[in-house]
2 protein chains.
Amino acid sequence: MHIHLNHHSGEPIYRQIIEAVKFRIASGELSEGTRLPSIRELAGELQINMRTVAKAYQVLDRSGLVVMQQGRGVFVTSPQAVLPVRQRRAALLEHARRLLAEATRMGASSDEVIEIMKSATEEMWGRADG
Amino acid sequence: MHIHLNHHSGEPIYRQIIEAVKFRIASGELSEGTRLPSIRELAGELQINMRTVAKAYQVLDRSGLVVMQQGRGVFVTSPQAVLPVRQRRAALLEHARRLLAEATRMGASSDEVIEIMKSATEEMWGRADG
DNA sequence: CAACTGTTGCATCTGATATACAACAGTTAA
DNA sequence: TTAACTGTTGTATATCAGATGCAACAGTTG
């Protein structure tokens, strides 16, 4: 899986795994039905405890992004049902505010922030997609 | 200061204070030279321990957003020196990626994400500013 | 059955978070 | 100088999240 862990960032390992998997699913690198590395496998590769990987997978399972099946493995689920626009807005605005506070502190202009978002979008989905 | 704390979010109290102050500084609600409520004052208002507020202020102090002066109080500093564009980009892209992964999971389009960012920008700085 | 899956119980260790009481030290204005 | 405010620090206590180790259990597949 090639997940790069930072043990000194303060960000819990299991959350770093969650973020990495989320990103790969969002970008399409992991698509519906794909099997994730087994708990033991990933734990071995990342040199961490089995239960830490299990914890990450369980959070993803409860979020509905994957399903864990005893004896079979962990699989990426089908795309989520689309939430109402209003709910999405409220949730994403919270993220946006934090990003803006950070951007301001660094002296970025609003145009620059928008430009960076567009870059990130293209990086994830490509220029053609939306 | 009217900071709304959520004791059940898992987000540490001191971090919630940091975020709230950051946001107010970014939006201009707290400008250069403004004195923040004293440690004891804010602790009393929020019904929390003095040292929890102190911890939040110390992080802001080390970030350079405020200066703590024994016997005087805590003051908002002058705007930070502007970082090179490349450094800003790298830091903000990380935030952007997370936002996009979240947006994707919720079924938002790239246009929608950009639109939300513009809204958040206007909310913080108003339509005229950048 | 063998070899793989996820799951669980038990125990342990560490560090972050938050609290309480108390005292110390610097600043300001009456 | 004193009173009343600032931030700072020492000690201690309690709780919880994170991560680990060992071991066993349970479901799936070929």
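Within every chain, numbering begins at 1; the chains are lettered A, B, ... in the order of the sequence lines, protein sequences first and strands thereafter.
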Among [options], the one nearest [X] by side-chain distance:
X: B/Q70; options: C/dG26, C/dG6, D/dA19; value: C/dG26
X: A/M50; options: C/dT17, D/dT8, C/dT8; value: C/dT8
X: B/P12; options: C/dA18, D/dA19, D/dT8; value: C/dA18

Round to the nearest Å and state the distance from [X] atom [atom1] to [N] atom [atom2].
X: A/H8; N: C/dT14; atom1: NE2; atom2: P; result: 17 Å
X: B/R62; N: D/dG7; atom1: CZ; atom2: P; result: 15 Å
X: B/N6; N: C/dA18; atom1: CG; atom2: P; result: 12 Å
X: B/L42; N: D/dC5; atom1: CG; atom2: C1'; result: 16 Å
X: B/F75; N: D/dC5; atom1: CZ; atom2: C1'; result: 12 Å
X: B/R72; N: D/dG7; atom1: CZ; atom2: P; result: 11 Å
X: B/M68; N: D/dT8; atom1: CE; atom2: C1'; result: 9 Å
X: B/Q58; N: D/dT8; atom1: CD; atom2: P; result: 6 Å

A/R88 (side chain) donor-acceptor with B/G107 (main chain) under 3.5 angstrom: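 It does hold such a pair.
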Any donor-acceptor N/O pair under 3.5 Å between D/dG7 base and B/R40 side chain: yes
Base of D/dT11 paired with side chain of B/R51 (donor-acceptor, under 3.5 Å): yes
Over all atoms of both residues, closest heavy-atom pair of B/M50 and B/R40: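 That closest heavy-atom pairing would be SD-CG, 3.6 Å.
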Heavy-atom closest pair, residues B/E112 and A/V85: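 Answer, listing the atom of B/E112 first, then A/V85: OE2-CG1, 3.9 Å.
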Has [X] got a side-chain N or O lying under 4.0 Å from the OP1 or OP2 atom of [N]?
X: A/T52; N: D/dA19; answer: no
X: B/N49; N: C/dA18; answer: no
X: A/R15; N: D/dA17; answer: no
X: A/K55; N: D/dA19; answer: no
X: A/Y14; N: D/dG18; answer: yes

Under-4.0 Å salt bridge between A/R97 and B/E19: no
Salt bridge A/K118-A/E115, side-chain N to carboxylate O under 4.0 Å: no
Sugar-phosphate, base or nothing in reach of A/E41, heavy atoms under 4.0 Å: sugar-phosphate
A/H7 vs A/G71, nearer the 5' end of DNA chain D by closest nucleotide: A/H7
